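Contents: one structure, followed by commentary.
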Amino acid sequence: MSEPATEARLKVRISNLHKSFGHMEVLKGIDLDIRHGEKVSLIGPSGSGKTTLLRCVNFLETLTSGEVYFEGERVGARKVGDRWLPARDRDLARLRTRIGMVFQRFNLFPHLDVLTNIMIGPVSVLRRDRAEAEAEAMALLEKVGLAHKAKAYPEALSGGQQQRVAIARALAMKPSLMLFDEATSALDPELVGEVLKVMHDLADEGMTMIIVTHEMEFARDVSNRVIFMDHGLVVEAGPPEQVFREPAQERTRAFLRAVLDKQAYRVH
Amino acid sequence: MSYQWDFRLVVLDWRMWLDAAGNTLLVCAAALALAVPLGLLLAAARMFGPAPLRWAVIGYVDFMRTSALLILIIWFYFAFPMLFGINLSPFMAATVAIGLQTAAYFAELCRAGINAVDRGQWEAARAIGMRTTTMLRLIIFPQALRRIVPILFSLVAEVIKGSSLAAVITFGELTYAASQVSADTYRPIETYTVVALIYFVIIFTASRLASHFERRLGFQR
Ligand SMILES: Nc1ncnc2c1ncn2[C@@H]1O[C@H](COP(=O)(O)OP(=O)(O)O)[C@@H](O)[C@H]1O
Ligand SMILES: [Mg+2]
């Protein structure tokens with residue numbers, strides 16, 4: 001057992017994490033430590049368990065076994081005396097206020113305008129003053145270049161705009177970790193850039209980020225570390241130069257070759 | 001065919017028709033006043049209650065949805081008093097029978113409306129730290145409502161039609177009134193033409209009001 005002091009210095013510690021859906025084991029023992037301020041890209045073929053791993057970090061999925069710690073706190077469990085019990089609704093809610101998540105399909109609230117989408121967390125969850133929350137939401141909209149869309153409804157926005165609002169919505173909670181699950185995969189190619197730029201800026205500001213992506217160039221530019229997953233296991237991990245230029249594993253090489261071919265095809 | 005239409009006798013006592021229409025609306029309103037809160041409770045119990053409660057609700061809903069309303073009405077009027085020693089007036093028996101069955105339909109309607117809200121909405125709400133109650137109140141219910149409200153109005157139309165069955169236990173609503181008038185005047189064709197028109201006017205008005213409210217509340221978006 002590692003002592004809590006180690007865990008406290010880490011933003012996220014994932015230790016021997018297993019996750020099954022029914023009889024199908026999707027994560028087969030993941031160990032991963034993420035330091036404060038680190039940007040980690042998760043790459044790998046579809047179905048390799050990237051999304052599931054991300055969702056275990058904020059407990060949108062329950063863990064089958066193993067542990068996840070966020071800022072030294074065990075995720076999904078609470079200690080009562082010397083026993084671990086399942087976290088309650090309110091424990092999970094409190095944890096999730098500190099972890100932002102951006103979904104492939106944006107998931108903006110369609111019945112609320114853009115400004116309210118961003119304010120609703122701070123106002124209804126953090127009980128922030130409405131006027132202050134609104135001012136901050138406007139500042140965030142400014143930052144993602146959508147101040148002029150404050151009163152628009154999500155359906156009136158392009159995919160790229162919706163995703164930028166979704167990022168602003170997550171940032172409004174002032175999280176200390178951001179999870180991105182293929183944030184640009186549902187976008188038309190010409191809209192990918194505007195979202196990647198917002199993510200890039202966020203990385204430059206020092207946010208800790210776990211990024212599931214197929215954008216290899218982006219992963220190379222912003223990540224401190226790239227992790228290649230396949231069949232529920234981490235196959236290879238290292239700095240982007242190493243994983244992209246001289247992957248040690250044949251499976252990594254094959255995957256990169258396939259992805260780069262596809263992307264080259266897309267561009268030309 | 002040269003039937004000699006003659007509405008004079010049939011519409012002579014128009015106050016009686018008005019009373020009967022009032023009774024129809026009254027029993028429907030009372031049944032809905034029972035069905036809506038009860039349906040909400042049933043839906044909540046079915047979706048968020050502990051397992052035994054969920055099974056009980058599933059049993060209740062299935063039973064009510066597969067029961068013939070006419071039989072329920074008769075049962076509450078004749079059998080219920082004998083079993084429990086409580087006499088129900090025709091109005092009460094009809095209200096309870098229609099209300100209990102409509103509650104089952106309404107509960108299913110609510111459950112379907114809530115389940116139809118995209119999973120991504122639940123997850124996005126949780127991901128920004130909403131507790132379940134906050135999420136339901138601010139994110140899920142408002143979206144479910146847009147699906148529920150339009151169908152609720154067709155349920156209301158069903159209730160109005162169903163209330164005609166209360167005639168068999170002599171509750172003085174439109175259909176019962178029609179049977180009386182028809183017997184008194186020997187003019188069944190005119191009588192039932194008139195009563196059909198009255199039902200049409202009531203249900204048509206209700207449906208117009210419904211779409212008006214739908215638009216007013218912005219449910220079209
Ligand atoms: N809720 C679920 N129920 C059952 N199987 C699931 C569920 N979520 C994911 N899976 C399965 O788990 C595997 C990994 O999925 P996922 O984590 O989404 O992979 P990736 O994001 O790398 O494409 C896939 O085979 C997928 O079908
Ligand atoms: Mg995925």
Side-chain angles (χ1 to χ4, degrees), chain A residues 51 54-55 57-61 87-113 116-128 153-156 162 165-175 177-181 186, chain B residues 40 43-54 109-153 210-221:
Chain A
T51 295
L54 212 57
R55 291 161 58 87
V57 174
N58 68 352
F59 216 70
L60 282 182
E61 298 292 351
R88 295 160 298 186
D89 192 43
R90 75 176 90 141
D91 304 320
L92 291 173
R94 197 164 346 96
L95 170 90
R96 290 177 185 136
T97 60
R98 293 144 64 201
I99 304 177
M101 185 168 213
V102 176
F103 301 87
Q104 187 173 347
R105 290 184 47 245
F106 332 131
N107 298 339
L108 290 181
F109 305 130
H111 60 304
L112 304 175
D113 66 25
T116 312
N117 261 276
I118 299 175
M119 286 169 60
I120 197 164
V123 170
S124 73
V125 176
L126 302 177
R127 304 262 161 235
R128 297 279 312 280
Y153 280 81
E155 63 171 9
Q162 289 191 48
V165 173
I167 294 173
R169 174 178 69 181
L171 292 176
M173 300 299 289
K174 302 198 167 83
L177 167 69
M178 285 287 287
L179 310 173
F180 291 88
D181 188 7
Chain B
L40 287 173
R46 166 97 193 249
M47 299 190 77
F48 306 110
L53 188 59
R54 287 207 303 270
L109 171 58
C110 291
R111 196 172 70 89
I114 288 168
N115 282 339
V117 177
D118 189 77
R119 296 313 300 175
Q121 294 291 307
W122 301 69
E123 294 182 349
R126 289 199 192 287
I128 56 170
M130 284 192 184
R131 293 173 62 167
T132 303
T133 46
T134 313
M135 169 182 70
L136 291 175
R137 185 165 53 84
L138 298 179
I139 306 300
I140 307 303
F141 289 163
Q143 295 185 59
L145 210 58
R146 285 174 192 193
R147 297 160 202 275
I148 292 171
V149 166
I151 306 176
L152 176 60
F153 279 105
S211 39
H212 174 72
F213 280 121
E214 262 174 60
R215 268 195 306 278
R216 275 271 308 269
L217 297 171
F219 285 155
Q220 308 289 30
R221 195 190 333 275

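Keep in mind that this is a model prediction, so the values were computed, not measured.
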Next item on the list: Answer yes or no: is there a donor N or O on one side and an acceptor on the other, between the side chain of A:Asn117 and the main chain of A:Leu112, under 3.5 Å?
Entry: yes

Note to self: Can you tell me which portion of A:Phe103 sits under 4.5 Å from chain B's heavy atoms? Options are side chain, backbone, both or neither.
What the structure shows: side chain

Notebook entry, point to check: Do any of residues 111-119 of chain B come closer than 4.5 Å to chain A, heavy atom to heavy atom, and if so which ones, in number order?
Noted result: B:Asp118

Item checked: Pairing residues for A:Ser124 by the side-chain contact (heavy atoms from CB on, under 4.5 Å) criterion, not counting sequence neighbours -> A:Ile120, B:Met130, B:Thr134, B:Leu138

Item checked: Region of A:Arg90 in contact with chain B, defined by heavy-atom distances below 4.5 Å -> both

Next item on the list: Could you pull out the closest heavy-atom pair between A:Ala170 and A:Met178, with the gap in Å?
Entry: CB-CE, 3.8 Å

Item checked: Greatest number of heavy atom pairs closer than 4.5 Å to chain B - which of A:Arg94, A:Arg105, A:Met101 -> A:Arg105

Margin query: I want to check something: taking the side chain as every heavy atom from C-beta on, are A:Glu61 and A:Thr51 in contact at a cut-off of under 4.5 Å?
Written below: no

Next item on the list: Measure A:Arg55 against the heavy atoms of chain B and call it side chain, backbone, both or neither at under 4.5 Å.
Entry: side chain

Next item on the list: Name the option with the most non-hydrogen atom pairs under 4.5 Å to chain B; the candidates are A:Val102, A:Leu179, A:Leu95, A:Leu108.
Entry: A:Leu108

Check: Is there a side-chain contact between A:Thr116 and A:Phe109 (heavy atoms, below 4.5 Å)?
Finding: no

Note to self: Within the structure provided, determine whether B:Leu136 and B:Phe141 are in side-chain contact (heavy-atom separation under 4.5 Å).
What the structure shows: yes

Note to self: Contact between A:Leu54 and A:Leu60 at the side-chain level, heavy atoms closer than 4.5 Å - yes or no?
What the structure shows: no

Notebook entry, point to check: Side chains of B:Thr132 and B:Arg126: closer than 4.5 Å at any heavy-atom pair?
Noted result: yes

